Amino acid sequence: MHITSPAFKDNARAALDDDALQRALGNVRSGFIGKRAKAAAALPEFEQLRDAARDIKDHVLAHLDLYLEAYADKVEASGGHVHWAQDAEDARRIILGICEAKKARTVTKGKSMITEEIGLNAFLEEHAVTPVETDLGEYIIQLRGEHPSHIIAPAVHVNKDQVEEDFRRVHTHLDPARNLEEPTTLLSEARAVLRDKYFQADIGITGANFLVAETGSSIIVTNEGNGDLTQILPKTHIVVASVEKVVPTLEDMSQILRVLARSATGQDMSVYTTLSTGPKRPEDPDGPEDYHVVLLDNGRSAMLGSEFQEMLRCIRCGACMNHCPVYHAVGGHAYGWVYPGPMGAVLTPSLIGVDQAGHLPNASTFCGRCESVCPMRIPLPKMMRHWREREFSRNLNPAAARYGLGLWAFFAKRPAVYHAAMRLAIGTLSRLGRRSGRFASLPFAGGWTRFRDLPAPQGATFQAQWAKKRKSA
Amino acid sequence: MSADAAPAQTPPPAGLPPRVGLFVTCLVDLFRPSVGFAAVKLMEDAGCTVEVPAAQTCCGQPAFNSGDRADARDIAKAVIRAFEGYDYVVAPSGSCASMLKKHYVELFDGDPAAMERANLFSAKVFELVSFLTDVLGLDQVEAAFSGSATYHDSCSGLRELGIERQPRKLLQSVEGLELKEMQDSDVCCGFGGTFCVKYPDISNKIVSEKTRCIEESGAELLLAGDLGCLMNMAGKLKREGSRIEVRHVAEVLAGMTEQPAIGEKKRG
Ligand code: SF4
């Protein structure tokens, strides 16, 4: 996927000027937040469950190699194949290899951010394999030639009337007079179109919400049931998952599931929780004949033991972006790569480099709302700050900002000089601002005064007034 | 004794009033000293002795949040040195108090002695309103204000220090003041320190949502506990031509509202 993260500022400006996008983003604010709050409040042990979920993942991350080996052994034992992919290119090559061996022309896909991360769709198309997205949101953005703008609601940036337009444009074989007013009619139209695709598909590709070491199972949670059809109907099922998805036991998985849907959509559970363990056994009525798991590292093992390790607890619930004022303002595409919002601001620099994604951890007010709702208690602002530290130590931030900061720090570390200098500066500023009480513009303060007035100082500094008072007392 | 020298590090003899070092915060020092004086009055009325060490400038957040740990650490050390002798360290800002209380300790990984000192210091630090209520047990103030007010929960105070009901409780005791909650009072105002000048377009969008909620509350006065957020919201409200006045919550709680509101000219 083409990276536009370095142009974050331009992306953001364009997003702010995009009326349709702004209309669509209103749904993020009005929908997810209330539902999550209600679900969390309805479960007395929710906060303890968050602790437990965090502890499970911390334990796994401390013994990741062991759990991955155990998981892989179980997959092999149940007749599946495990492939280890160092990076995106590796993963694409492995998947294409399977497609070629099966002479696959069409693959159906369940919703998967990992396949976005490795740019799978474009790659398969280049090699004459047609990927068909089966999740409604993914299907919509595939029609539109776009990428997801949200990790659980990929088409959240699209309004209903735009979807209707896309359907009429692409589904030309259907009656142009049909009613597509309701989301449910859109869904059933997509289903009708997708039904044939499920049966045509040679291979089904899904991601995984969890990999269970105890059983060798991969788990997906969906609300539309499309994932089930994707992995059951074709002869071959490929699971693509990043290494940190592994958990020790089914019990651990169920614990984390209890916080996942509640944090994501406010549901107690997603509608479908589907486990797959190896290929179809002789006694099974259906299922794939061949079962492959591609385990992707792509930079994650380098996060282990670093100040970013905790990010690997992420279960991709989307709560952090649902509650992020910056995400609300600019949407997901502005972040310029696969993962948007606070989790993207931490993860993206790890995966594509902070020199590319440096804006992301900077474009945060550190309001902390993401951390307060993250079911895995990931300290997102703290880790964004760690990225700023890395940038600072590598001199990656703009020279003007460094200069300003250096000058400020010089004074801030010398109280006597600071107070003398500020007495002068504030004296001047308060005289200038006395008439109106504020400034509509001011040299060197354009960043502030472009959109808002700057309140003028009251008069002498507190320290000056306090010293005077003490003296006269 | 000069205000610079920190008092001895023993607890005050029983019966003596608690000695508080006021961490003024750079914005209050420079832009709105009346907030500092309101803080002094509130704490003195509650029986504290308040001192203001001159060896303070800023809490160091601009450095800390820009990834400049070395400068942040130097500033943290200086603040700890200037304040560790007091019984309490109080700041009229959730954001600065949280920096002193929660983040200084993060700066001393690998330096156990400094970490220990930062931890001892941390235990003494409070945001003003939470100090008055949670530490001193205040549940009402002697103040009057006629009109309606809405309260914005600044992020650090709310999410890092749990300041939410305390200011509302004290405001309810202000005679004549009617509290009108705005929608999304817990959502960021878009200030974010240097964020608002580094990403002005995004900050503007966020503060515009905030001023819409403020206007819709129908209140005549906007209050909050952090001057950074207040200057941001006041600056936007004034730019939009709003008549809503903006003040730090301490000014109202101390009954010190004779100064013009934030961004307003002197009356008369
Ligand atoms: S960082 Fe936390 S809130 Fe964000 S997607 Fe991951 S688990 Fe969910």
Side-chain angles (χ1 to χ4, degrees), chain A residues 9 12-13 16 325-326 328-330 362-369 371-372 382 385 387-393 397 401 405 408-409 411-416 418-419 422 426 434-438 440 447-463 465-467 470, chain B residues 3 24 28-34 36-37 52 54-58 60 62-69 71 74-75 78 106 155-156 159-160 186-188 190-193 195-207 209 231-232 234-236 238-239 259-260 262-266:
Chain A
K9 279 193 169 187
R13 206 159 301 134
L16 289 164
V326 175
H328 291 163
V330 301
N362 279 284
S364 163
T365 66
F366 282 164
C367 81
R369 215 174 172 208
E371 182 178 356
S372 76
K382 181 172 161 179
R385 194 182 290 112
W387 276 121
R388 299 183 191 185
E389 285 158 8
R390 292 239 183 145
E391 289 184 284
F392 187 84
S393 61
N397 34 1
L405 187 66
W408 167 87
F411 282 103
K413 291 194 283 189
R414 291 168 179 78
Y418 174 92
H419 292 308
M422 290 306 156
I426 288 301
R434 190 176 306 147
R435 174 120 358 121
S436 62
R438 56 184 180 263
W448 180 282
T449 55
R450 201 164 114 220
F451 295 111
R452 41 178 126 47
D453 293 349
L454 179 69
Q458 280 175 326
T461 65
F462 179 88
Q463 289 284 3
Q465 295 187 45
W466 183 259
R470 291 291 105 158
Chain B
V24 183
V28 166
D29 180 43
L30 304 180
F31 282 88
R32 208 156 170 83
S34 61
F37 287 107
V52 185
Q56 56 174 310
T57 58
C58 165
F64 184 56
N65 288 341
S66 302
D68 175 4
R69 279 177 84 90
D71 279 322
D74 288 348
I75 293 168
E106 293 170 22
C155 298
S156 309
R159 280 179 275 272
E160 296 187 298
D186 63 335
V187 173
C188 180
F191 171 62
F195 171 84
C196 71
V197 289
K198 278 198 292 188
Y199 299 95
D201 309 84
I202 302 174
S203 174
N204 179 49
K205 170 74 179 166
I206 301 175
V207 72
E209 289 293 328
M231 287 176 60
N232 177 41
K236 189 66 195 177
K238 296 305 124 182
R239 178 64 59 91
Q259 286 278 343
I262 299 170
E264 303 288 352
K265 55 174 174 275
K266 287 225 173 12

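Quick note on labels: first sequence line is chain A, next is B, and so on, each numbered from 1. Given the structure is predicted, the values throughout are model-derived calculations rather than measurements.
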For the pair A:N362 and B:Y199, evaluate side chain to side chain contact (heavy atoms under 4.5 Å, CB included) and give the outcome as yes or no after the intermediate values. CA-CA 9 Å; A:N362 279 284; B:Y199 299 95; 3.5 Å; yes
Going through the checks in order, is the side chain to side chain contact (heavy atoms under 4.5 Å, CB included) test met by B:V24 and A:W466? CA-CA 11 Å; B:V24 183; A:W466 183 259; over 6 Å; no
Can A:R452 and B:N232 be said to form a side-chain hydrogen bond (donor to acceptor under 3.5 Å, both in side chains), step by step? CA-CA 7 Å; A:R452 41 178 126 47; B:N232 177 41; 2.5 Å; yes
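With respect to chain A, the highest number of heavy-atom pairs below 4.5 Å among B:G192, B:P200, B:G67 belongs to B:G67. Taking B:D74, B:V207, B:V28 one by one and counting their heavy-atom pairs under 4.5 Å with chain A, the maximum is reached by B:D74. Highest contact tally toward chain A, considering only B:K205, B:R32, B:E264, is held by B:R32 [criterion: heavy-atom pairs under 4.5 Å]. Heavy-atom pairs under 4.5 Å with chain B were tallied for A:H328, A:K382, A:M422, A:R13; the largest tally goes to A:R13. Of the listed residues (B:V197, B:I206, B:D201), the greatest number of heavy-atom pairs within a distance under 4.5 Å of chain A belongs to B:D201. Residue with the most contacts toward chain B among A:A460, A:P455, A:A412: A:P455 (heavy-atom pairs, distance under 4.5 Å). Note: A:S364 leads A:S364, A:A401, A:G459 in heavy-atom pairs under 4.5 Å with chain B. Taking chain A as the reference chain and counting heavy-atom pairs below 4.5 Å, the highest number among B:C58, B:G190, B:C196, B:A78 is found for B:C196. Interface check for chain A: of the options B:I75, B:D186, B:L30, B:V187, the most heavy-atom pairs under 4.5 Å are formed by B:L30.
The minimum heavy-atom distance between B:T57 and A:P415, with the atom names listed, is CG2-CA, 3.6 Å. Of all the heavy atoms in B:Q56 and A:H419, the pair that sits closest is O-NE2, 2.9 Å. Considering all non-hydrogen atoms of both residues, B:R69 and B:F64 come closest at NH1-CE1, 4.5 Å. The heavy-atom pair separating B:G60 from A:W408 by the smallest distance is CA-CH2, 4.0 Å. Across every non-hydrogen atom of A:A329 and A:L16, the tightest pair is O-CD2, 3.5 Å.
Between A:R438 and A:D453, at least one side-chain N (NZ, or NE/NH1/NH2) sits under 4.0 Å from a carboxylate O, which counts as a salt bridge. With respect to the salt-bridge test (charged N to carboxylate O, under 4.0 angstrom), the residues A:R385 and A:E389 do not qualify.
Proximity to chain A (any heavy atom under 4.5 Å) is shown, for B:F31, by both the backbone and the side chain. Interface residue A:W448: backbone and side-chain heavy atoms are both found under 4.5 Å from chain B. With a threshold of 4.5 angstrom between heavy atoms, A:V330 approaches chain B through side-chain atoms but not through N, CA, C or O. With a threshold of 4.5 angstrom between heavy atoms, A:Q463 approaches chain B through its backbone and through its side chain. In this structure, no portion of A:R390 lies under 4.5 Å from any heavy atom of chain B. Looking at A:N397, the atoms closer than 4.5 Å to chain B (heavy atoms on both sides) all sit in the side chain, from C-beta outward. With a threshold of 4.5 angstrom between heavy atoms, B:S156 does not approach chain A through any atom at all. For A:S436, the part sitting under 4.5 Å from any heavy atom of chain B is the backbone (N, CA, C, O) and nothing else. Residue B:E160: no heavy atom, backbone or side chain, is found under 4.5 Å from chain A.
Aromatic ring orientation, A:F462 versus B:F37: tilted (interplanar angle from 30° to 60°).
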